[in-house]
Q: 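Before anything else, here's the structure in question.
Letters A, B, ... are given to chains in the order of the sequence lines, protein chains preceding strands, and every chain is numbered from 1. Only heavy atoms go into these numbers, but all of them, side chains included; no hydrogens, no water, no symmetry mates.
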Amino acid sequence: MQNFSQKLIDWQRQHGRHTLPWQNTRDPYAIWISEIMLQQTQVSAVIPYYQRFMTRFPTIAALAGAHEDEVLQHWSGLGYYSRARNLHEAARRMVTLHQGTFPQNFEDIQALPGIGRSTAAAIASFAFGQRQAILDGNVKRVFARVFGISGWPGQPAIEKQMWVLAESLLPTEDIERYTQGLMDLGATLCTRTKPDCLRCPMQDDCVALRESLTTELPSPKPRKALSEKETVMLVIMDGEDILLEKRPSSGIWGGLWSLPEAAIGEDYAAIIKSRFGLEAELGQTWAPLTHTFTHFRLEITPQPLCVIGRPASQPSGTLWLSLDDAIEAAIPTPVRTLLTRKL
DNA sequence: AAAACGGGGCC
DNA sequence: GGCCCAGTTTT
């Protein structure tokens, strides 16, 4: 679709971003610094860092000659500090391997630490006008929607297909504007949520828009199969009352009141004797219930126990409540489910 | 709390 | 070449 590139170029000319601090230069060093800062970091956060960094380290030589500490200081607050270390190391390699200049050969650019295929292509395109394809998260989203490509774009087969597509779409001229347009479209209109399709230059061509799939595409990363865990919850009863235990404030169900837990096959009577000082008699286990979290499935087997002679005092962090009150308390959903079943 | 993200590292 | 991770922000 040759249409795509020309429409994108025209759109970027009229509606794209043109005044960012790293635009309107062909200095590969300046473009490189900006591209690295823009990895996983928003434009608004990058701007002040970019300006301070470029003032202190205006050239490859300035960066290569600096102490790593000072480079990191100028990065402080941007996060992903390996980017800064790679930047420093790459500048030093330019000095030793490339006579202190920024390499123009595409493979040489990509061989520098911290520069992968997409970042190398962005630099080669903006600084040297080379016809190289970028493919970052924004571009993958645009492609998935416009061309109706389903499947998670991180999947090797899909990603490979997208690289082929990205290369096939490259225009023969205006590569810089095209590359910028791809970035601008993904960043400003074809956003992850609530894309602004009414303003999009691709609205007549976009498969996702035509088929109402903009929320489905790009396909999300497949969830890995849920691991299975199992636990026993002790339903310690004294007449109408049951014993709740406060969970630690961190971790699952942090701070909620819950049923005491035990591992399968343990001696439950012995456990409550040692943990709570209670004598109790085992009942028949209740029907298990399964609770699904995002990352695992938990099978809960409720084990009822009837206490024999409840002491006046109760251990700290525990609470006797009537079944009715317990259900109203701050308890985990599956605990509420299993108590409700018993009402 | 979970997903998303580009590059690096490991087989 | 394929798979997974580290580290951080966004939803």
Q: Separation of Arg85(A) atom CZ from dG6(B) atom P, in whole Å?
A: 20 Å
Q: Checking His88(A) side chain against Ala84(A) main chain: does a donor-acceptor pair fall under 3.5 Å?
A: no
Q: Rounded to whole angstrom units, what separation is found between the CG atom of Asn138(A) and the P atom of dT10(C)?
A: 14 Å
Q: Does the pair Asp267(A) and Ile271(A) meet the rule for a side chain to side chain contact (heavy atoms under 4.5 Å, CB included), with working shown?
A: CA-CA 6 Å; Asp267(A) 182 344; Ile271(A) 286 178; 5.7 Å; no
Q: Tell me: CD of Glu159(A) to P of dC4(C), nearest whole Å?
A: 14 Å
Q: Report the nucleotide, chosen from dA4(B), dG7(B), dG8(B), that has the shortest atom-to-atom distance to any side-chain atom of Ser118(A).
A: dG7(B)
Q: With respect to the phosphate group of dC5(B), does any side-chain polar atom (N or O) of Arg141(A) fall under 4.0 Å of OP1 or OP2?
A: yes
Q: Assign the ring pair His15(A) / Trp11(A) to parallel, tilted or perpendicular, where the plane angle (0 to 90°) is split at 30° and 60°.
A: tilted
Q: Arg192(A) or Gly114(A): which one's nearest nucleotide on DNA chain B is closer to the 5' end?
A: Arg192(A)
Q: Could you check how far CD1 of Ile158(A) sits from C1' of dG2(C), rounded to whole Å?
A: 15 Å
Q: Below 4.0 angstrom from OP1 or OP2 of dT10(C), is there any side-chain N or O of Gln42(A)?
A: yes
Q: CG of Leu135(A) versus P of dG7(B): gap in Å, rounded?
A: 10 Å
Q: Which label fits Phe128(A) and Phe102(A): parallel for a plane angle under 30°, tilted from 30 to 60°, or perpendicular past 60°?
A: tilted
Q: Take atom CD of Glu35(A) and atom P of dG6(B), then tell me their distance rounded to the nearest Å.
A: 11 Å
Q: Is any side-chain N or O of Gln39(A) closer than 4.0 Å to OP1 or OP2 of dC5(B)?
A: no
Q: What's the CD1-P distance between Ile115(A) and dG7(B), to the nearest Å?
A: 9 Å
Q: On DNA chain C, nearest-nucleotide positions of Lys160(A) versus Thr193(A): which is more 5'?
A: Lys160(A)
Q: Applying a 4.0 Å non-hydrogen cut-off, can you work out what Arg83(A) is touching in the nucleic acid: base, sugar-phosphate, or nothing?
A: nothing
Q: Report the residue (Tyr81(A) or Pro156(A)) whose heavy-atom-nearest nucleotide on DNA chain C is the more 5′ of the two.
A: Pro156(A)
Q: Please determine whether a side-chain nitrogen of the Lys or Arg among Lys7(A) and Asp10(A) lies less than 4.0 Å from a carboxylate oxygen of the Asp or Glu.
A: no
Q: Take atom CH2 of Trp163(A) and atom P of dG1(C), then tell me their distance rounded to the nearest Å.
A: 13 Å
